[in-house]
Protein chains: 2
Amino acid sequence: MKTVRILCLNKQQNGIMNKEKLSYIEETGILFEQLGMTRMAGRIFGLLIVSDQNTVSFNHIQEVLNASKGSISGTTKQLIAVGFIEPVSLSGDRKTYFRISKMRAGTILKARLSLFYKFSDVIDKGNALKEKEDEISDWLREISAFYKWLGGAVDELIIRWEVVKDTIMENQAKDHEKSEK
Amino acid sequence: MKTVRILCLNKQQNGIMNKEKLSYIEETGILFEQLGMTRMAGRIFGLLIVSDQNTVSFNHIQEVLNASKGSISGTTKQLIAVGFIEPVSLSGDRKTYFRISKMRAGTILKARLSLFYKFSDVIDKGNALKEKEDEISDWLREISAFYKWLGGAVDELIIRWEVVKDTIMENQAKDHEKSEK
DNA sequence: CATTTAGTTCAAAAACTATTGAACCAAATG
DNA sequence: CATTTGGTTCAATAGTTTTTGAACTAAATG
């Protein structure tokens, strides 16, 4: 038997969503935090992933996550701004619903890489400030060139993904079938 | 109180390092912060970049950055751990010196990508928790497959860089010469 | 047009992270 | 072997970010 306290907490939430899903939601929270967003943003994203409804209402999010309206309001706005989720409205219903936004594969990647281009610029700038060439000057130029080249290379990669995608995913589905037999 | 402190800071530091370099160091501080490390880590990295000495002593870092010994000690340890800088010791000299560690181009990239593999796993796990297939199930599988595929694709990319590097950097040097004429 | 419902805003509180500084240890020097 | 120097550790503080909650607007409903 579990302790009373935990039971109470869970009772409130178990009526709405099962334990596994709740712990999954916490996991996405931690992941998003590591990716530089807030824990709450990750929780909302995770909730929308495991929810078996197509869209989830503001109110439902608030109930499941047990957070304040202010927090949900601010964080959904953030998630919409970066393109992770989108709001859905229905005529004859004043509520706002949310769903996962089907971003193109590679969009998140490209967004993250933008910091590397900045990294490259900063390296150049530092190199220019040095009064003399030295041991690391060449290395700095190479690092900078690599990250500049990377932008185009990754664009090509994303195009190649579109080409190979179907084959890769078919094989994956087959493998999955096999392992089930 | 604040104003006085900043004035003092500049006076003290100008004797050691010029204004441009100091402001560069602050810039790398901000960049590293955006990359998820501390401002102090970025400052130390920036200082090592623009320093015209091959190695820089603990003490010198402390003086230029006007920070506590504890902060320098902790942050250099961090930077060493992630491979950005390395400590150098000399026999007959009990001081510790530091220099930029010449990481292979692509190492930082690979490290950053590791979070995406985790992202991919988390997406899979979420998909498995759903009670029924729905609108986003296919999309989730695609996103997950993309980030799994990406690991290998980026390894290939890094190998290709090694091949094209010299040509790209030669051209760059030529372009630079031209623009100077 | 008063009431209810849905969501927003923002100041304050809570939680978390980075930095300091003083006490400390360990190696080199006199 | 006492002293000086170079660095580490960690509790306390400063600074930053996240979350709350109460007051508010705006739209739908009776």
Side-chain angles (χ1 to χ4, degrees), chain A residues 25-26 28-47 55-82 85-99, chain B residues 1-6 8-9 12-13 25-26 28-47 55-82 85-99:
Chain A
I25 286 168
E26 289 310 313
T28 53
I30 300 292
L31 178 65
F32 270 56
E33 203 171 45
Q34 289 174 345
L35 286 163
M37 306 193 68
T38 65
R39 202 172 280 193
M40 192 59 81
R43 287 198 189 105
I44 293 176
F45 188 81
L47 167 51
T55 62
V56 172
S57 73
F58 185 102
N59 184 265
H60 185 244
I61 295 174
Q62 206 203 327
E63 279 178 349
V64 175
L65 303 186
N66 217 13
S68 69
K69 284 205 287 182
S71 185
I72 304 300
S73 173
T75 311
T76 50
K77 288 262 171 295
Q78 251 178 255
L79 283 167
I80 291 165
V82 296
I85 70 172
E86 45 193 36
V88 181
S89 57
L90 298 167
S91 54
D93 183 348
R94 68 176 105 169
K95 285 185 194 165
T96 305
Y97 297 85
F98 301 94
R99 67 177 169 214
Chain B
M1 166 102 189
K2 214 182 179 184
T3 327
V4 175
R5 217 177 150 206
I6 286 168
C8 285
L9 259 173
Q12 245 189 305
Q13 295 182 324
I25 287 168
E26 290 309 314
T28 54
I30 300 291
L31 178 65
F32 270 56
E33 202 171 45
Q34 289 175 344
L35 286 164
M37 306 194 67
T38 66
R39 203 172 280 192
M40 191 59 80
R43 287 197 189 106
I44 294 176
F45 188 80
L47 166 52
T55 62
V56 172
S57 72
F58 184 103
N59 184 264
H60 185 243
I61 295 174
Q62 206 203 325
E63 279 178 347
V64 175
L65 302 187
N66 214 16
S68 68
K69 284 205 286 181
S71 184
I72 304 300
S73 173
T75 310
T76 50
K77 288 260 170 295
Q78 250 178 253
L79 283 167
I80 291 164
V82 296
I85 70 171
E86 45 192 37
V88 181
S89 56
L90 298 166
S91 54
D93 184 347
R94 65 176 108 168
K95 287 184 193 167
T96 306
Y97 298 85
F98 301 93
R99 68 177 168 215

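Proteins come first, then strands; the chains are lettered A, B, ... in the order of their sequence lines, and each starts at number 1.
- The separation between A:E63 atom CD and C:dG7 atom C1' is 15 Å, rounded to whole Å.
- Residues that satisfy the side-chain hydrogen bond (donor to acceptor under 3.5 Å, both in side chains) test with A:Q62, not counting sequence neighbours, are absent from this structure.
- Here C:dG7 presents its C1' atom at 11 Å from CG of A:N59, a figure rounded to the nearest Å.
- To the nearest angstrom, P of D:dT16 lies 10 Å from CD1 of B:I30.
- Atom P of nucleotide D:dG7 and atom CD1 of B:I80 are separated by 11 Å, given to the nearest angstrom.
- Distance CD1 (A:I61) to C1' (D:dT19): 16 Å, rounded to an integer number of Å.
- Atom pair A:M37:CE and D:dT17:P shows a separation of 15 Å (rounding to whole Å applied).
- Residue A:G74 is the one, among B:R43 and A:G74, whose nearest nucleotide of DNA chain C lies closer to the 5' end (criterion: closest heavy atom).
- We find that CZ of A:R39 is positioned 16 Å from P of D:dT17, with the value rounded to whole Å.
- Nearest heavy-atom pair, A:T96 versus A:P87, reported as atom, atom and distance to 0.1 Å: CG2-CB, 4.1 Å.
- With sequence neighbours excluded, no residue forms a ring pair (Phe, Tyr, Trp, His ring centres under 6.0 Å) with A:F98.
- Following rounding to the nearest Å, A:H60 (NE2) and C:dA6 (C1') show an atom-to-atom distance of 17 Å.
- Note on residues 28-45 of chain A: pairs passing side-chain hydrogen bond (donor to acceptor under 3.5 Å, both in side chains), not counting sequence neighbours, are A:E26-A:R43, A:E33-A:R39, A:Q34-B:K118.
- Looking at every heavy atom in both residues, A:V56 comes nearest to A:I61 through CG1-CG1, 3.6 Å.
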Expected list for residues 68-81 of chain A: side-chain donor-acceptor pairs under 3.5 angstrom, two or more places apart:
{"residue": "A:S68", "atom": "OG", "partner": "A:S71", "partner atom": "N", "Å": "3.1"}
{"residue": "A:T75", "atom": "OG1", "partner": "A:S71", "partner atom": "O", "Å": "2.7"}
{"residue": "A:T76", "atom": "OG1", "partner": "A:I72", "partner atom": "O", "Å": "2.8"}
{"residue": "A:T76", "atom": "OG1", "partner": "A:S73", "partner atom": "O", "Å": "3.0"}

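- Phosphate proximity of C:dG7 to A:T96: present, with a side-chain N or O under 4.0 Å from OP1 or OP2.
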Dump every N/O contact between nucleotides 20-30 of chain D and the protein below 3.5 Å, one line per pair.
{"residue": "D:dT20", "atom": "OP2", "partner": "A:S68", "partner atom": "N", "Å": "3.0"}
{"residue": "D:dT20", "atom": "OP2", "partner": "A:S68", "partner atom": "OG", "Å": "3.2"}

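- Applying the salt bridge (charged side-chain N to carboxylate O under 4.0 Å, His left out) test to pairs two or more places apart or on separate chains, those with a residue in residues 85-95 of chain B are B:E86-B:R99.
- The residue B:T38 sits close only to the backbone: its heavy atoms come under 4.0 Å of sugar-phosphate atoms, none of a base.
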